[in-house]
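See structure below.
Keep in mind that the numbers below use all heavy atoms, side chains included, and drop hydrogens, waters and symmetry copies.
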Amino acid sequence: MSLRLALRRARHLSTAAAEAETTAAKIVNISGAKKRLRKVYDPDEALKVYSSFSTADDASAPPASARHIQELAVRRLAKSRRFSDIEAFLESNKSKPQITEEPFVSSLIKSYGVAGMIDNALATYNQMADFGTPRSTLSFNALLLACINSKAYDRVPIFFNAFSEKFGLVPDKFSYGMLIKAHCEMESPEKAKETLSEMEKKGVEVGAVSFSTVLHALYKIGRVDEAEAFWNEMVKEKGIKLDAGSYNVRLSHIRDNPESLKALIEEMQNEGINPDPISYNYLITSYCVNGMMNEAEKVYADLLQAKGVRPNAATYRTMVFHSCKEGRYVKAYRIFKLSVKVGKIPDFNTLKYLVKGLTEKRRMVEAKAMVRTMNKKFPPDLLKAWEKLADELGLTRDGTEEAGASKVEKAEVDASKVEKVGADSGVESEKAST
DNA sequence: CGAATTTATG
């Protein structure tokens, strides 16, 4: 008997070891690396995943995916403010043979942008002559994007003019799109509008994105009348092709009136444009803050049934928060469970609100289940605060591992029930017992 | 698979 057990255990251990070895040392497969990076929050681990992957295949893999993984790793490092590591890592790529390929250099430039290191991005762009890398709008746009990601908006028009002239590059709709974004961020919609006219003059297509960027900027600085006139001008006179994003900009500025929101969503459907999750989130939020929880729930329920649209993480967060606010904690808990199932879990503060509410309502089973679930799901930086919260609420015992402890706790709960028949505040006795 | 846009922080 014990031999069989031992054998089984040995086999189990060896598979586990083999698995650990494959994940740590070699990830040949790209989607595997991506999956793993999404879960790995330690920047060193992220770097290891990236380098094991990038050394594993030099030329064979689709380079676009590899570059995406590089940006993910840089993002993780930047979050921990490990800028010298980022520099060392990205600079080391400059000795690789692919440095003569423009997409490869562009990826380095964009990665520096993601890290907020705009001077390194610019230096890399200037080095391209030394590398012998050809220039096109690809690297030009990468540099502009790096400025935007670094929030160095004032540099965008400077680089835009200087480098397009110096290297004889013809800006495309993406270049112009980023120039427009920069002007909008610097609160000068006039210049953004001028850029739009320049695009028309040069025969570059003005699409929904560029248009929506300017529209949003106008609303944001409170020029509502001008925004509406701009919509009429561009849509009715110039026949711009709209998308859900354009309508979402308008929806975002109808806050207090759920009926108007609903009407505008119907209008977009009549125009043949499908509302996206963001559109529905505006409607749901508006119902919630105007005390129309049942209507909000109906939109949410329809969204779960609908084909082609899914609730996103913000949908679950809004529904959980406002259900809690209305005291509907069990309903909120059900929504939370679904969000876990689909991997779109609300943020820490929302879940804090929920677990506190469940505890106050004496829904201990649900509260403890929640603590256990999130112990597995939260990244390390949030896990500490979560464990502290669970401790304060007296939820650290999960009631299954230690039978004795859970019995004692159960007895205490029952006692408090008997003590205060009809009273609904069990919070104090809970605090006292911990 | 991807270049530029748009939510809510209660």
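- In terms of modelled atom types and a separation under 3.5 Å, the side chain of A:Glu102 and the main chain of A:Ser139 share a donor-acceptor contact.
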Discussion item. At under 4.0 Å between heavy atoms, how does the protein contact nucleotides 5-10 of chain B? Give one character per nucleotide, 5' to 3', with B, S or -.
Written reply: BBBB-B

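- At least one donor-acceptor pair closer than 3.5 Å links the side chain of A:Thr373 to the backbone N or O of A:Ala369.
- Under the side-chain contact (heavy atoms from CB on, under 4.5 Å) rule, A:Arg135 has a single partner from A:Phe163, A:Tyr125, A:Phe140, which is A:Tyr125.
- In summary, the aromatic rings of A:Phe336 and A:Tyr316 are positioned with their centroids too far apart to meet the 6.0 Å limit.
- Aromatic ring orientation, A:Phe211 versus A:Trp231: tilted (interplanar angle from 30° to 60°).
- Distance CD1 (A:Ile240) to P (B:dA4): 19 Å, rounded to an integer number of Å.
- When rounded to the nearest whole Å, the span between CZ of A:Phe104 and P of B:dA3 equals 21 Å.
- You can call A:Phe174 stacked on the base of B:dA3; the centres are under 5.5 Å apart and the planes sit within 30°.
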